[in-house]
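Reviewing the structure listed below.
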Amino acid sequence: MATETGSPAPHMKVTDQKRAAILDAAIKVFGARGFEPSSMDQIAKVADVSKRTVYNHFENKEALFAEILNQLWDISPFKLDIEYQPNIPLEEQLADLLWQTIKMLSEPMLLKLARVAIAETIHSPERAQSMLDRLAVREESISAWVRAASNDKKLNVADVSFAANQLHALIKGFAFWPQITLNSPPLNQEEQRRVVESAVDIFINTYAIK
């Protein structure tokens, strides 16, 4: 994969560097033009490789887009293994969970890939539906934490899915959607701290059993 600046890592093999350059170019072209208007010729030009080289790595545009989605899947923040710990205070667990999430949501490569995938979802929902389905599965890890805390009588949650979605929204409303839709800069450390602490307070005050 390319580095966060978009340039292939210097230690990579030439073949891997070209593949990374092609993927980065595809992200730029798809992001600027959308999937349908983009061509392999345009991607080759941006990647500074021959069209034949592009086809040596990817059979077609669909394969390129699928690989972009796979990379988004691989670095998704919702791949974290979050397990409820009954002997640790809820506030501490929740803060750790949200810190991990907000750090991953701030990754430049994730934001870059998400812009492409989400834009294509708007234009062609069926093309990116598999990504959305897979992300929904990963978000179940947070739902599982909420469910476990509720079963342990630490949270009073009537609808686990609703509460988990609220938790996502409290973070993504500041640390994901503004960056995706408005190209806002990632939150700095102090802004991240404020968002996490506020989200913990809201969630605990709403659902924790005193």
Side-chain angles (χ1 to χ4, degrees), residues 1-9 20-38 43 46-47 64-80 82 94-125 127-143 145 163-203:
M1 181 187 288
T3 64
E4 290 181 357
T5 60
S7 301
I22 293 166
L23 282 169
D24 191 65
I27 290 169
K28 292 176 181 176
V29 173
F30 290 157
R33 299 172 178 269
F35 181 85
E36 291 298 343
S38 300
I43 293 168
V46 173
L64 255 174
F65 187 74
E67 181 60 21
I68 289 173
L69 296 188
N70 284 334
Q71 290 197 11
L72 178 59
W73 170 248
D74 288 340
I75 64 175
S76 163
F78 305 113
K79 68 182 178 181
L80 301 173
I82 303 165
L94 188 55
D96 181 58
L97 182 161
L98 296 183
W99 268 117
Q100 292 181 59
T101 300
I102 204 169
K103 292 296 184 184
M104 289 297 294
L105 286 172
S106 300
E107 286 292 324
M109 183 56 71
L110 181 140
L111 292 173
K112 184 185 295 186
L113 293 172
R115 286 190 190 100
V116 174
I118 290 171
E120 189 55 29
T121 300
I122 294 172
H123 296 298
S124 180
R127 181 171 288 117
Q129 187 59 49
S130 62
M131 177 200 72
L132 298 178
D133 292 342
R134 294 163 84 184
L135 284 177
V137 171
R138 288 200 172 177
E139 290 185 356
E140 173 61 23
S141 59
I142 291 180
S143 296
W145 184 90
N165 284 335
Q166 283 184 318
L167 197 51
H168 290 304
L170 288 171
I171 297 299
K172 294 165 80 173
F174 293 94
F176 184 73
W177 291 117
Q179 291 72 24
I180 294 296
T181 60
L182 302 175
N183 204 29
S184 299
L187 302 184
N188 61 38
Q189 185 78 10
E190 177 58 26
E191 291 169 332
Q192 290 178 352
R193 182 195 62 76
R194 183 181 178 188
V195 169
V196 168
E197 290 182 356
S198 177
V200 170
D201 287 343
I202 291 171
F203 195 83

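Values reported hereafter were calculated over all heavy atoms of this structure, with side chains retained and with hydrogens, waters and symmetry mates removed.
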Q) Got more than 12 heavy atoms from elsewhere within 6.0 Å of CZ, Arg193? A)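 Buried by this count: over 12 neighbours within 6.0 Å.
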
Less than 4.5 Å apart, side chain to side chain, heavy atoms only: is that true for [X] and [Y]?
X: Ile171; Y: Phe176; value: no
X: Leu167; Y: Leu94; value: yes
X: Gln179; Y: Leu187; value: yes
X: Trp177; Y: Leu182; value: no

How close do [X] and [Y] get, counting heavy atoms only, and between which atoms?
X: Val46; Y: Ala25; result: CG1-CB, 3.7 Å
X: Ser143; Y: Ala164; result: OG-CB, 3.4 Å
X: Leu105; Y: Ala175; result: CB-O, 3.6 Å
X: Pro186; Y: Leu111; result: CG-CD1, 4.4 Å

To the nearest 0.5 angstrom, please state how far the [atom1] atom of [X] sits from the [atom2] atom of [Y].
X: Lys28; Y: Leu23; atom1: NZ; atom2: CG; result: 12.0 Å
X: Met104; Y: Trp99; atom1: CE; atom2: CH2; result: 15.0 Å
X: Lys103; Y: Leu98; atom1: NZ; atom2: CG; result: 12.5 Å
X: Asn165; Y: Lys172; atom1: CG; atom2: NZ; result: 8.5 Å
X: Ile142; Y: His168; atom1: CD1; atom2: NE2; result: 4.0 Å

Q) Mind checking whether Phe65 and Phe35 have parallel, tilted or perpendicular rings, split at 30° and 60°? A)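 Taking Phe35 first and then Phe65, their aromatic rings stand perpendicular (interplane angle over 60°).
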
Q) Using 30° and 60° as the class limits, which term best fits the ring planes of Phe203 and Trp145: parallel, tilted or perpendicular? A)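 Rings of Phe203 and Trp145: tilted, 30 to 60°.
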
Q.
Less than 4.0 angstrom from a charged side-chain N to a carboxylate O is my criterion; do Glu190 and Arg194 meet it?
A.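 Looking at Glu190 and Arg194, the cut-off is not met.
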
(Q) Looking only at the side chains, is there a donor atom on one of Gln100 and Asp96 sitting less than 3.5 Å from an acceptor on the other? (A)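 There is such a pair between these side chains.
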
